[in-house]
Amino acid sequence: MQTLTTLLRQHARPRVWWLLPLVMALLLGGIGWGVHLIYQEREQRYRHQIEGGLQAVNLLQLRGVTDWRAQRMGEAAALTQDSLFAQAVARWRAAPSPALDGAVRERLRILAEQVRYTQAYLVDEQGRLLLDAEGAAAGGLLPAPEQQALQQALALAQPAVVELRKDPAFAFAFYGLLAPLFDGHRPLGAVWLVMDARTTLYPLLETWPNHSRTAESVLVQREGGAAVSLSPLRLRGAEPAALRLPLAQRRRDPLVQAVEGVRGAFYASDYRGQEVLAVASAVPGSPWLLVSKVDVDDAFTDAQRREWLGLSLFLSLGL
């Protein structure tokens with residue numbers, strides 16, 4: 001009987017040792033699956049955090065641009081409603097004199113120096129330049145877009161906007177307004193306000209809470225069959241020309257997707273061919289869109305590195 005028991009134990013021992021690798025494999029597989037699930041859950045959480053952070057930046061910049069436009073319109077409206085200035089212009093138009101000339105030019109000078117307009121011109125109803133802050137203007141005519149805005153401003157008795165554009169008369173992109181002036185109900189002309197976008201508008205797009213090397217925001221609008229950038233793209237370097245992206249050929253570009261109606265956070269491939277996380281929003285009361293973007297690799301690298309370090313420690317303890 002003892003011999004039989006001994007034989008059974010000898011046969012059972014190899015079977016137990018054979019089961020140990022299977023148990024270890026199942027244990028390691030369970031740990032690996034648990035680590036995988038934890039990583040996926042935390043990766044999704046980080047993705048939402050990074051997307052939410054970019055949306056917050058875009059919203060902050062959107063508010064800045066919206067307020068900037070509202071402030072410019074408010075300044076033009078205040079000029080239209082300034083009856084004392086309109087009376088001074090009416091007296092000067094009726095009987096020009098150095099004293100009256102100086103009073104009008106002083107107001108134009110204040111607009112240029114204190115309100116930070118690059119230039120302010122007094123124009124008549126036909127769009128002829130009459131005065132600027134320095135004295136008599138050259139006597140030329142307003143450019144075509146400003147002429148159209150002038151007629152609209154006089155017809156509606158309220159300021160009209162000329163959206164961001166470039167013109168040979170200025171060496172920079174500018175934003176313009178035509179503030180109409182009236183003597184009672186009689187139109188006197190308007191003040192053409194010109195603002196250099198480089199000094200007041202573009203800096204609003206440089207507000208970032210971190211120092212990501214690939215993050216940038218750009219104003220864009222649709223022109224015909226293309227998406228056209230209105231502000232500089234930092235990653236293009238010193239390239240001065242606007243970026244024009246045909247809608248039919250660059251459907252994955254975030255600027256193209258924005259002008260075609262995509263809003264909120266999405267993933268795309270930008271003008272450099274890089275995969276990016278982008279957020280697009282519309283600037284209220286304007287044809288502008290604001291697109292903020294960052295390279296996917298740049299946005300997620302730090303988070304992924306932290307996660308792998310944490311999970312490797314967890315895996316090591318499990319082993």
Side-chain angles (χ1 to χ4, degrees), residues 38-73 163-164 175 197-198 200-223 226-236 242-243 245 247 250-308 310:
I38 293 173
Y39 178 78
Q40 281 192 322
E41 187 273 333
R42 292 181 67 88
E43 182 187 37
Q44 191 69 15
R45 186 188 307 170
Y46 272 113
R47 186 176 296 273
H48 288 320
Q49 289 177 353
I50 293 170
E51 290 174 357
L54 186 61
Q55 287 178 314
V57 170
N58 183 267
L59 178 60
L60 177 66
Q61 295 175 340
L62 179 67
R63 287 174 177 171
V65 172
T66 302
D67 291 346
W68 183 89
R69 290 180 61 97
Q71 184 176 353
R72 302 286 83 78
M73 181 59 75
E163 299 293 350
L164 265 177
Y175 181 82
R198 299 172 302 177
T200 57
L201 176 60
Y202 294 164
L204 299 175
L205 307 180
E206 299 170 0
T207 305
W208 287 86
N210 54 40
H211 300 286
S212 172
R213 59 183 178 80
T214 63
E216 63 180 356
S217 291
V218 60
L219 290 171
V220 60
Q221 70 180 16
R222 183 172 190 152
E223 293 184 5
V228 181
S229 65
L230 302 175
S231 59
L233 284 155
R234 182 169 62 86
L235 300 180
R236 290 184 79 202
L243 180 65
L245 299 172
L247 302 184
R250 299 297 300 272
R251 294 196 178 276
R252 286 211 65 211
D253 191 281
L255 306 189
V256 171
Q257 293 191 47
V259 301
E260 290 191 329
V262 176
R263 298 292 180 268
F266 58 96
Y267 293 85
S269 177
D270 71 358
Y271 58 93
R272 301 166 298 145
Q274 293 290 328
E275 292 298 315
V276 297
L277 166 62
V279 173
S281 54
V283 179
S286 80
W288 298 354
L289 301 164
L290 178 63
V291 178
S292 304
K293 65 183 185 68
V294 62
D295 287 5
V296 170
D297 291 342
D298 187 24
F300 292 99
T301 296
D302 288 342
Q304 289 173 339
R305 184 182 297 113
R306 288 194 300 268
E307 282 305 295
W308 279 117

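Numbering starts at 1 and runs along the sequence shown. What you are looking at is a predicted structure, and each value in this text was computed from that prediction instead of being measured. Excluded from the calculations below are hydrogen atoms, water molecules and symmetry mates; all remaining heavy atoms, backbone and side chain alike, are included.
For the atom pair Arg213 CZ and Leu235 CG, the distance stands at 9.5 Å (nearest 0.5 Å).
With a 4.5 Å cut-off on side-chain heavy atoms, Gln61 and Leu290 count as touching. Contact annotation: the side chain of Tyr175 never approaches that of Leu201 to less than 4.5 Å [non-hydrogen atoms, C-beta and beyond]. Residues Leu255 and Val218 form a side-chain contact, since some pair of their non-hydrogen atoms from C-beta on lies under 4.5 Å apart. With a 4.5 Å cut-off on side-chain heavy atoms, Pro287 and Glu163 count as touching. Between Leu277 and Phe266, every side-chain heavy-atom pair lies at or beyond the 4.5 Å cut-off. Side-chain contact between Leu233 and Leu243 is present, with heavy atoms from C-beta onward closer than 4.5 Å. For the pair Leu62/Pro284, a side-chain contact is recorded, criterion being any heavy-atom separation below 4.5 Å from C-beta on.
Remark: Arg63 fails to qualify as a cation-pi partner of Trp68 under the 6.0 Å distance and 45° angle criteria applied to the six-membered ring.
Scanning for salt bridge (Lys or Arg N to Asp or Glu O under 4.0 Å) contacts around Asp270 gives Arg272, Lys293, with sequence neighbours left out. In this structure, the side chain to side chain donor-acceptor pair (under 3.5 Å) partners of Arg198, at least two apart in sequence or on a different chain, are Asp196.
The closest side-chain donor-acceptor pair between Glu223 and Gln221 falls under 3.5 angstrom.
Between Arg252 and Glu275 a salt bridge is recorded (basic side-chain N to carboxylate O distance below 4.0 Å).
Screening residues 257-266 for salt bridge (Lys or Arg N to Asp or Glu O under 4.0 Å) gives Arg251-Glu260 as the qualifying pairs, with residues at least two apart or on separate chains.
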